[in-house]
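For this chain, numbers begin at 1 and follow the sequence in order. Since we're looking at a predicted model, the values are computed, not measured.
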Amino acid sequence: MAPRSTAHYLLEGLGELGVEHVFANLGTDHAPVIEELARWRREGRAAPRFILCPHENVAIHMAGGYALATGRGQAVLVHVDVGTGNVAAGMHNLQRYRLPALVMAGKAPATSRGELVGARDSYIHYMQDVRDMPSIVRPYAKWEHSLDAGIVAKELLRRAQAVMESDPAGPVYLNLPREALAGQWEETAVTSYPAAKYGPLKAAGADPDAVVALADRLLAAERPMLVTAYAGRYREAPALLDELARLAGIRVYEHNPIHLNIDRTSPCFGGFAPTEALAEADLGLLVDVDVPWVLKDRRENPATFWAQIDVDPIKQDIPLWDFPRRPAHPGLLGARAGAARRRTEGAHG
């Protein structure tokens, strides 16, 4: 078969990832992708749906909304340095919401005299060539790379998906130089990377001993409290949390919630400001929450026993984080309800 462009393998690779939508704001740096889309349409091939967005802020937040509803990251395609700049605030939002998105930005061509297909042919290609373009969004990206050689297009896409959808999820950033997109490769040279071997990893498993130890403390506590923001990202979590709260008499607070974490009509829902409960609590649980309360407003009781259940217990993207916690294993929430029930049933014969 005739060689295909890197843009062809980029579209194939997105399909292999299960990407159905590309939220795009296009420019001259995307010409090979546009040409390939036209060829695919002419040949009747199914490509990811490109949704044209009038501004990058729209594109990144549409991808964020999709991820919030489905848990799956989609692609965002923006225009060089200015598009990267416009998408930065949205990437900040997705990072803090733990939402995956594959943000791809074109890059001004590097060749100027026609040495490669896709070389500079416009004034703007000089003006949009900047130093260290990824630095614009580096604080908000879990991972970044540049597609400098089309032969690794599918490998880079799979790696990007693995990082963005692994816990805790977040946006990733990939540069697409125009000459690289226009490069030609034999189909036998471009390798696919299946999700079973190279896909994302999710937090899993709870230490049974940790579950039982925490359940014992919880059932012995007189004034337990729990603060969460992200627990509801698991659809079954709100019902489990309400069941556990009623069983063990836990007051549940949502501080700056990202999801609905507990039925707001539950007698155990304490509201959105946990500061008043801090002084009296003898046991506290931090469950998938970044900022459980504002330390300036209220300090915790030093006698309170705190346990943390989180996919990101160290808060790697927050430079200063000094809330009390004894880290527990991720995935403990679902197991804890059953363990607490068993301990309670045993106590009552």
Side-chain angles (χ1 to χ4, degrees), residues 68 71 97-98 167-168 203-294 297-298 300-301 303-313 323-349:
L68 187 62
Y97 273 61
R98 299 180 184 173
D167 285 324
D207 181 345
D209 292 335
V211 172
V212 172
L214 187 53
D216 285 339
R217 281 187 173 270
L218 186 57
L219 293 173
E222 295 183 2
R223 293 176 298 279
M225 64 177 289
L226 183 152
V227 189
T228 188
Y230 297 98
R233 66 194 178 99
Y234 298 109
R235 296 184 184 277
E236 66 274 16
L240 286 171
L241 193 54
D242 187 34
E243 179 186 359
L244 175 64
R246 292 172 186 257
L247 175 68
I250 308 170
R251 182 67 66 187
V252 178
Y253 296 88
E254 296 183 309
H255 194 231
N256 291 295
I258 306 302
H259 305 269
L260 176 69
N261 302 284
I262 187 172
D263 188 339
R264 303 286 166 74
T265 64
S266 169
C268 296
F269 176 57
F272 304 99
T275 50
E276 294 303 320
L278 290 173
E280 298 181 351
D282 54 355
L283 184 144
L285 297 174
L286 304 182
V287 178
D288 252 359
V289 60
D290 284 338
V291 183
W293 61 86
V294 177
D297 294 341
R298 177 74 66 136
E300 71 281 358
N301 184 342
T304 304
F305 176 89
W306 289 96
Q308 183 188 24
I309 304 162
D310 207 304
V311 296
D312 182 20
F323 292 91
R325 82 279 190 274
R326 292 175 175 83
H329 287 263
L332 197 55
L333 179 61
R336 191 175 62 250
R341 187 186 303 109
R342 289 193 299 272
R343 301 293 290 186
T344 304
E345 290 171 351
H348 291 286

Could you tell me whether Arg235 atom CZ has more than 12 heavy atoms of other residues or ligands within 6.0 Å of it? no
Counting only heavy atoms not in Phe269 (residues, nucleotides, ligands), do more than 12 fall under 6.0 Å from its CZ? yes
How far apart are the closest heavy atoms of [X] and [Y], and which atoms are they?
{"X": "Asn261", "Y": "Ala231", "answer": "OD1-N, 3.0 Å"}
{"X": "Gly270", "Y": "Tyr253", "answer": "O-CE2, 3.3 Å"}
{"X": "Leu219", "Y": "Ala248", "answer": "CD2-CB, 4.4 Å"}
{"X": "Glu254", "Y": "Ile262", "answer": "OE2-N, 3.7 Å"}
{"X": "Pro313", "Y": "Asp310", "answer": "CD-O, 3.7 Å"}
{"X": "Pro267", "Y": "Arg251", "answer": "O-NH1, 2.8 Å"}

Enter the distance from [X]:[atom1] to [Y]:[atom2] here, rounded to the nearest 0.5 Å.
{"X": "Asp288", "Y": "Arg233", "atom1": "CG", "atom2": "CZ", "value": "5.0 Å"}
{"X": "Leu283", "Y": "Arg217", "atom1": "CG", "atom2": "CZ", "value": "7.5 Å"}
{"X": "Leu278", "Y": "Met225", "atom1": "CG", "atom2": "CE", "value": "4.5 Å"}
{"X": "His255", "Y": "Thr228", "atom1": "NE2", "atom2": "OG1", "value": "12.5 Å"}
{"X": "Arg246", "Y": "Asp263", "atom1": "CZ", "atom2": "CG", "value": "7.5 Å"}
{"X": "Leu218", "Y": "Ile250", "atom1": "CG", "atom2": "CD1", "value": "4.0 Å"}

Would you say the side-chain atoms of Glu280 pair up with the backbone N or O of Arg223, donor to acceptor, closer than 3.5 Å? no
Do you see a donor-acceptor pair shorter than 3.5 Å between the side chains of Asp297 and Thr275? no
Does the side chain of Tyr230 pick up a donor-acceptor pair with the side chain of Asp290 at under 3.5 Å? yes
Below 30° counts as parallel, above 60° as perpendicular, anything between as tilted: where do the rings of Trp293 and Trp306 land? tilted
Ring pair (Phe, Tyr, Trp, His ring centres under 6.0 Å) against Tyr234, all qualifying residues, sequence neighbours excluded: none
Does the side chain to side chain contact (heavy atoms under 4.5 Å, CB included) test come out yes or no for Leu68 and His259, once each step is laid out? CA-CA 9 Å; Leu68 187 62; His259 305 269; 3.4 Å; yes
Checking side chain to side chain contact (heavy atoms under 4.5 Å, CB included) for the pair Val287/Leu241: CA distance, chi angles, key distance, verdict? CA-CA 10 Å; Val287 178; Leu241 193 54; 5.7 Å; no
